[in-house]
Each structure stands twice: as C-alpha cells, then as structure tokens.
Amino acid sequence: MDPAQQYKTQVDELASRLDTLIELISRAVPPARPAPDFAAADAFVWQADTSSLEPVEKVNRVDIDLLQGVDRARDQLVDNTMRFASGFAANNVLLWGARGMGKSSLVKASHAHVNAALAGRGAAERLKLIEIHREDIESLPALMKLVKAGGHRTIVFCDDLSFDSGDASYKSLKAALDGGIEGRPETVLFYATSNRRHLLPRDMIENERSTAINPSEAVEEKVSLSDRFGLWLGFHKCSQDEFLAMIEGYVRHYGLDYDPASLRAEALEWATTRGSRSGRVAFQFIQDLAGRLGRSLA
C-alpha cells in the first residue's frame, strides 16, 4: 500500500473511533433538561427523581371561608402571603399543632385567595405553589435554584414535615432556608406544616440532651431548625361550638337540607365515636351525611 493510501486508511479508522466515542458519550450523558414551564399552571409537584415540576391542573383544596376556628392563623397567613406576592418582605412560615385542624388546607386556600385578589387587581403575575414531599427534602436546594432561575414569586410547600433520630436531611432544609452566602432567593418562601413545633420528637431531644457532654449544644443545631421560620402559627383542638360551626358552614356551602336538631346530635355523636373534634372530622361527617342524602360534594 502506498503511503498516501495508508495515511487515508489511518485517518478513516481514527474518524470511525471518534464517532464511536462520541456516540458512547452521548448515551452516558443525558441531554439537558428543558426549563420548567411556569406558565402551564399556578401549582406544581416537585419530582425529585427527574428534577422536574409536574403541573397540577386542579388543586385539591377548600374555600378559605370554610376554614372555621382558625381565624387568627388564617389572617396572619393570608397577610404574609399577600405581602410576598406583592413584592414586599415576608417570612417563611411553620404551621404546627393538632392534627386535622386545616394546616395544609389553609396553605392551599391562602394561595388561591391571594391569586384571586391579584386577578381582581388586574395583575398579570400569579403566585406559584410548589409541593415537595417530605422524603425529597434533600433535593430542596436544587429546587430552590430552579425556582430562582424561573423568576416567579413562589411558595415551596412541604406537608407533615418532621425528622426522626438519625435523619440528617434537616441540614438541607437549613441550608435552603438560610441560603448560604448567596442568601435565600427573594422570590421564594418556604411553608411547612408539622404536628411538632420543633420538627423533632420530644424523646429524641431529651435523649440527646441527657447523653451529651454539653447538653445545650448537643441539640442546638436540630432544635434551632424551627427558628429559621420567621412566622409560627399554632393550631389547637377546637371547641364543641367551633366544631358545630364547621359542620354548619359545610352544610350551607353544599346546600344540604337537614333538620338542625338532628344535624347537631349526629355531628356530636360522630365526633364522640372518633374521639376527636377537628376540621378533618367535620368534613368526614359531611361526606357521610351527603352520601346518605344521595348527594355529591363535587
């Protein structure tokens, strides 16, 4: 083979190898993910495994006027949310306390209430709500970065947030709330609900305090997590009158025709059998009543 032909053959072999290498690299490195389409909806669910946002066309929520017995918490949360949506200073919020008293319902209802108010003003921008699951908290910094790039005012919401012994994912939450040297993005707030004010079980706090060389410092890092929330809203068990007010509010809202005396007696019996009075128990009673009346709550 003459030198020119030999050189051409070597070049062809090298080009073939390069093509093969490029193909292997393209298979190993996934293509860049497209930027999320924030115009697709006002609410999204964070998918940590794919680092993407899934639009929610219809959010599962109740009208804010149906949330009874939480008037002060409702007013504070709506005010904080409205200030944030209007471009003013606002706080991260921790809604803590009794189960079934409407903590997560209030977050979703406040989001809808504020967006309705913005629409009434003729504002083109809408407040976004993104739900992140408790088990995906470690991916919160990545979500914050994605939301910051989007430029929309956004509430990142985690329902039923708490941490158990040995769980270090709370450090990701602290980093996201503090924001490191960059600071937390001014377009992002974090709302969380929990049954625990300090997000940790009491026995875990007491155990670390009793076994540590320096008890106060041993739990400082974990207990201080809740201090990152500027606004704490407490939810407590409702009274009998508040429970009945919830029932009556649902009956009026859904147009259920039922004898008031029977309604009161049956509602109290329902609460007694459940061993609890709360907004959740009240709505469960209404679902049962509507079903017995042959009605749908859709």
Side-chain angles (χ1 to χ4, degrees), residues 32-64 67 73-74 76-95 102-161 172-173 175-179 182-193 228-231 233:
R33 301 186 187 279
D37 181 12
F38 285 101
D42 289 338
F44 301 83
V45 175
W46 170 244
Q47 303 293 337
D49 54 342
T50 58
S51 298
S52 61
L53 294 174
E54 180 181 341
V56 179
E57 295 182 4
K58 185 176 181 180
V59 178
N60 178 29
R61 56 185 161 206
V62 299
D63 189 272
I64 197 167
L67 299 175
R74 177 198 63 207
Q76 287 183 285
L77 185 64
V78 168
D79 181 62
N80 190 74
T81 306
M82 181 62 78
R83 283 191 277 113
F84 173 65
S86 301
F88 306 133
N91 275 306
N92 298 313
V93 183
L94 174 63
L95 301 89
K103 298 184 293 294
S104 60
S105 295
L106 184 56
V107 171
K108 293 180 285 186
S110 297
H111 171 250
H113 180 79
V114 167
N115 271 347
L118 293 175
R121 296 177 183 176
E125 183 67 14
R126 294 290 181 272
L127 180 65
K128 305 300 179 181
L129 179 68
I130 299 176
E131 181 178 19
I132 180 172
H133 298 306
R134 159 65 189 86
E135 58 270 21
D136 296 329
I137 282 296
E138 286 187 330
S139 68
L140 184 57
L143 172 58
M144 289 288 204
K145 184 181 296 185
L146 190 68
V147 172
K148 179 182 178 180
H152 297 273
R153 290 202 162 260
T154 304
I155 292 173
V156 177
F157 167 53
C158 183
D159 190 22
D160 197 20
L161 179 63
S172 297
L173 177 57
L177 295 179
D178 287 339
E182 289 184 304
R184 176 175 51 82
E186 65 176 12
T187 57
V188 183
L189 280 186
F190 188 79
Y191 285 8
T193 69
R228 267 65 178 179
F229 295 88
L231 182 59
L233 300 178

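Dense packing is recorded around CD of E135, with more than 12 heavy atoms of other residues, nucleotides or ligands lying under 6.0 Å away. Environment of CD in Q47: crowded, with over 12 heavy atoms of neighbouring residues, nucleotides or ligands closer than 6.0 Å.
The OG1 atom of T193 sits 7.5 Å away from atom CG of L161, with the distance rounded to the nearest 0.5 Å. Atom CD1 in I64 sits 6.5 Å away from atom CZ in R74 (nearest 0.5 Å). H113 contributes atom NE2, which lies 12.5 Å from atom CZ of R61 (distance to the nearest 0.5 angstrom). Rounding to the nearest 0.5 angstrom, the gap separating the CD1 atom in I137 from the SG atom in C158 is 4.0 Å. The distance from the CD1 atom of I130 to the CZ atom of F190 is 11.5 Å, given to the nearest 0.5 Å.
Under the 3.5 Å distance criterion, the side-chain polar atoms of N80 are matched with a main-chain donor or acceptor of N91. Under the 3.5 Å distance criterion, the side-chain polar atoms of T154 are left unmatched by any main-chain donor or acceptor of L129. In this structure, R153 contributes its side chain and E186 its backbone to a donor-acceptor pair below 3.5 Å. Between the side chain of N115 and the main chain of R126, no donor-acceptor pair closer than 3.5 Å is present.
Taking the side-chain hydrogen bond (donor to acceptor under 3.5 Å, both in side chains) definition, one finds that K103 meets it with nothing, sequence neighbours left out. Taking D79 as the reference, R83 meet the salt bridge (Lys or Arg N to Asp or Glu O under 4.0 Å) condition, with sequence neighbours excluded.
Closest approach of S51 and L146 over heavy atoms only: O-CD2, 4.4 Å. Between G151 and T187, the shortest heavy-atom contact is O-CG2, 4.3 Å. Nearest heavy-atom pair, E125 versus L118, reported as atom, atom and distance to 0.1 Å: O-CD1, 3.9 Å.
Side-chain contact between H111 and T81: absent, with no pair of heavy atoms (C-beta onward) separated by less than 4.5 Å. Counting only heavy atoms from C-beta outward, the side chains of L53 and L143 approach each other to under 4.5 Å. P185 places none of its side-chain heavy atoms less than 4.5 Å from the side chain of V147. The shortest side-chain heavy-atom distance between I132 and S139 falls under the 4.5 Å cut-off. For the pair W46 and L140, the minimum side-chain heavy-atom distance is 4.5 Å or more. For the pair L233/Q76, a side-chain contact is recorded, criterion being any heavy-atom separation below 4.5 Å from C-beta on. Taking the side chain as every heavy atom from C-beta outward, F44 and V56 never approach each other to under 4.5 Å. The side-chain heavy atoms of I155 and K128, taken from C-beta on, include no pair separated by under 4.5 Å.
Checked by atom type, the side-chain pair Y191/S110 shows no donor-acceptor distance below 3.5 Å.
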Test log, rule side chain to side chain contact (heavy atoms under 4.5 Å, CB included), inputs V93 and F84: CA-CA 12 Å; V93 183; F84 173 65; over 6 Å; no
Intermediate values then yes/no, side chain to side chain contact (heavy atoms under 4.5 Å, CB included), D160 and R134: CA-CA 7 Å; D160 197 20; R134 159 65 189 86; over 6 Å; no
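Taking the six-membered ring for Trp and thresholds of 30 and 60 degrees, H152 and F38 have ring planes inclined between 30 and 60 degrees apart.
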